[in-house]
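Below: one structure, written as structure tokens.
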2 protein chains.
Amino acid sequence: MLRLSKKADYGLIAMKHLALLPKASSCSTREIAEHYDIPAELLAKVLQRLARQGLLVSHQGKRGGYRLALPSTVISVADVIQAIDGPVMVTACSDEVADCDQYSKCSVRDPLWRIKDRIVSALSACTIFEMATDTISDAIFPAAVAKRPTAATLASTADQ
Amino acid sequence: MLRLSKKADYGLIAMKHLALLPKASSCSTREIAEHYDIPAELLAKVLQRLARQGLLVSHQGKRGGYRLALPSTVISVADVIQAIDGPVMVTACSDEVADCDQYSKCSVRDPLWRIKDRIVSALSACTIFEMATDTISDAIFPAAVAKRPTAATLASTADQ
DNA sequence: AGAAATAGGACCGCCCGAGTCCTATTTTAT
DNA sequence: ATAAAATAGGACTCGGGCGGTCCTATTTCT
């Protein structure tokens, strides 16, 4: 549940790979695909989309390839995911569009919308640079949350 | 992308519904299903799982139903989602199990694992009570993140 | 001219989520 | 006692979307 698409996975792998190259150097789809055992043609589509969204700069022709369009410190994980898969949606029904039949009776749309914002925040808070250098801090919440007893804990004592 | 399953949706709707009932009163599957236009038999399975995980207390027989097993202030959204769909997984490959063939070459597993922890934190930070009373605060990050220019912004100026 | 790369449309198979069906079992109301 | 109404849960089906492939341009370097 809540899993990333394979495309998003591949996109992040590629972005990290490009971030670790010497400044402003580029790399072809095939190189990356072979390096990580990713279907080349699928990765191609992913990189094309990242280029269309302005996160990568493409260079056609022989000796062509891709390079980061921006410093890796400025590109967030959220940027990559959204460039590939479109806007993050926790719920089926989008902002205003009542595309799910239970729209009128749905009581959790607004709360879930706020939770979605939190998730996007979490994804936006992490840059490709941090991914590449493995400098992602684990915790984002101060203390209160971690301290609060989980239902799982309480339930196990109450249950059975 | 990153969407919740329908079951998780239904589970949250039901939990919120039960949280809004007078203290310790219960409600049948059918009542909830009809109220929100949810397929009753599907909702039944969801509630059964929530009961098995100790988040709900079930009462069989005529006039039976479900009620919260714990105060709504103690049950988090993460609890509900995980009770229904199992552990939140952002990546295909789990903690130690190398169930994806690219395990050895995967360079983003660890970073994504930390991101997953952040998402779980975000979900754990929100209780059913907050959902029911619509008291979820929007922002969880102080300032730094919001201020940082997004790649989208920068790209749009750089692009085309 | 040809090789190697990006650009992108069209297609396909299959897995899994969503939903249904069916059969217990338990409890309560009549 | 019997029927009704509820939970418990296994088995099954169906359809859409994701992951992947194929094919055809087009660009650019050698």
Side-chain angles (χ1 to χ4, degrees), chain A residues 1-11 13-14 18 25-34 36-67 69 81 84-86 89 91-92 99-102 160, chain B residues 1-11 13-14 18 25-34 36-67 69 81 83-86 89 91-92 99-102 159-160:
Chain A
M1 192 65 281
L2 274 178
R3 215 181 281 126
L4 289 180
S5 69
K6 274 282 176 68
K7 287 181 189 172
D9 269 335
Y10 297 156
I13 290 174
L18 292 172
S25 57
S26 72
C27 187
S28 75
T29 301
R30 199 173 48 77
E31 282 180 84
I32 301 180
E34 285 177 358
Y36 299 98
D37 269 337
I38 299 174
E41 284 171 321
L42 183 53
L43 180 62
K45 296 211 181 313
V46 171
L47 297 182
Q48 281 165 29
R49 245 185 270 190
L50 289 171
R52 248 180 293 164
Q53 300 295 321
L55 298 183
L56 292 180
V57 170
S58 70
H59 186 237
Q60 275 194 329
K62 197 171 181 178
R63 301 279 309 158
Y66 295 92
R67 60 178 172 79
I81 293 175
I84 295 171
D85 284 329
M89 307 266 276
T91 57
D99 47 3
C100 84
D101 40 352
Q102 289 128 338
Q160 302 156 13
Chain B
M1 193 64 280
L2 274 178
R3 214 182 281 126
L4 288 181
S5 70
K6 274 282 178 70
K7 288 181 188 171
D9 269 335
Y10 297 157
I13 290 173
L18 291 172
S25 57
S26 71
C27 187
S28 75
T29 301
R30 200 174 46 77
E31 283 180 85
I32 301 179
E34 285 177 358
Y36 299 99
D37 268 337
I38 299 174
E41 283 170 321
L42 184 53
L43 179 62
K45 297 209 182 312
V46 170
L47 297 181
Q48 281 165 29
R49 247 186 268 189
L50 289 171
R52 249 180 291 163
Q53 300 294 320
L55 298 183
L56 293 180
V57 171
S58 70
H59 187 238
Q60 275 193 328
K62 198 170 177 176
R63 302 277 312 157
Y66 296 92
R67 60 177 171 81
I81 292 175
I84 295 170
D85 284 330
M89 306 266 275
T91 56
D99 46 3
C100 83
D101 40 351
Q102 290 129 338
D159 199 24
Q160 301 156 15

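Order of the sequence lines fixes the chain letters, A, B, ..., with proteins taken first and strands second; residue numbering starts at 1 for each chain. All of these numbers come straight from a predicted model, not from anything done at the bench.
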Outermost contacting nts on DNA chain D, any atom under 4.0 Å from chain B heavy atoms, listed 5' then 3', are dA4(D) to dA11(D)
Judged by nearest nucleotide, the residue sitting upstream toward the 5' end of DNA chain D, Leu4(A) or Lys62(A), is Leu4(A)
Interatomic spacing from CG in Asp9(B) to CG in Leu43(B) - rounded to 0.5 Å: 12.0 Å
If we only count heavy atoms from C-beta on, is the Ile32(B) to Leu18(B) side-chain gap below 4.5 Å? yes
From CG of Leu56(A) over to C1' of dA5(C), roughly how many Å is that when rounded to an integer? 15 Å
Of Lys45(B) and His59(B), whose closest DNA chain D nucleotide lies nearer the 5' terminus? His59(B)
Report yes if some heavy atom in the side chain of Leu47(B) is under 4.5 Å from a heavy atom in the side chain of Leu56(B); otherwise report no. yes
Here the distance between atom C1' of dC16(C) and atom CE of Met89(B), to the nearest Å, is 15 Å
Closest to the 5' end of DNA chain C, once Arg63(A) and Arg3(A) are matched to their nearest nucleotides, is Arg63(A)
Pair Lys45(A) + Glu41(A), salt bridge at N-O below 4.0 Å: no
A side-chain contact here means heavy atoms from C-beta on lying under 4.5 Å apart; do Tyr66(A) and Glu31(A) qualify? no
Could you state the atom-to-atom distance from NZ of Lys6(A) to P of dG13(C) in whole Å? 19 Å
What is the distance, to the nearest angstrom, from the CG atom on Leu42(A) to the P atom on dG13(C)? 18 Å
Side-chain touch Lys7(A)/Arg49(A), heavy atoms, less than 4.5 angstrom: yes
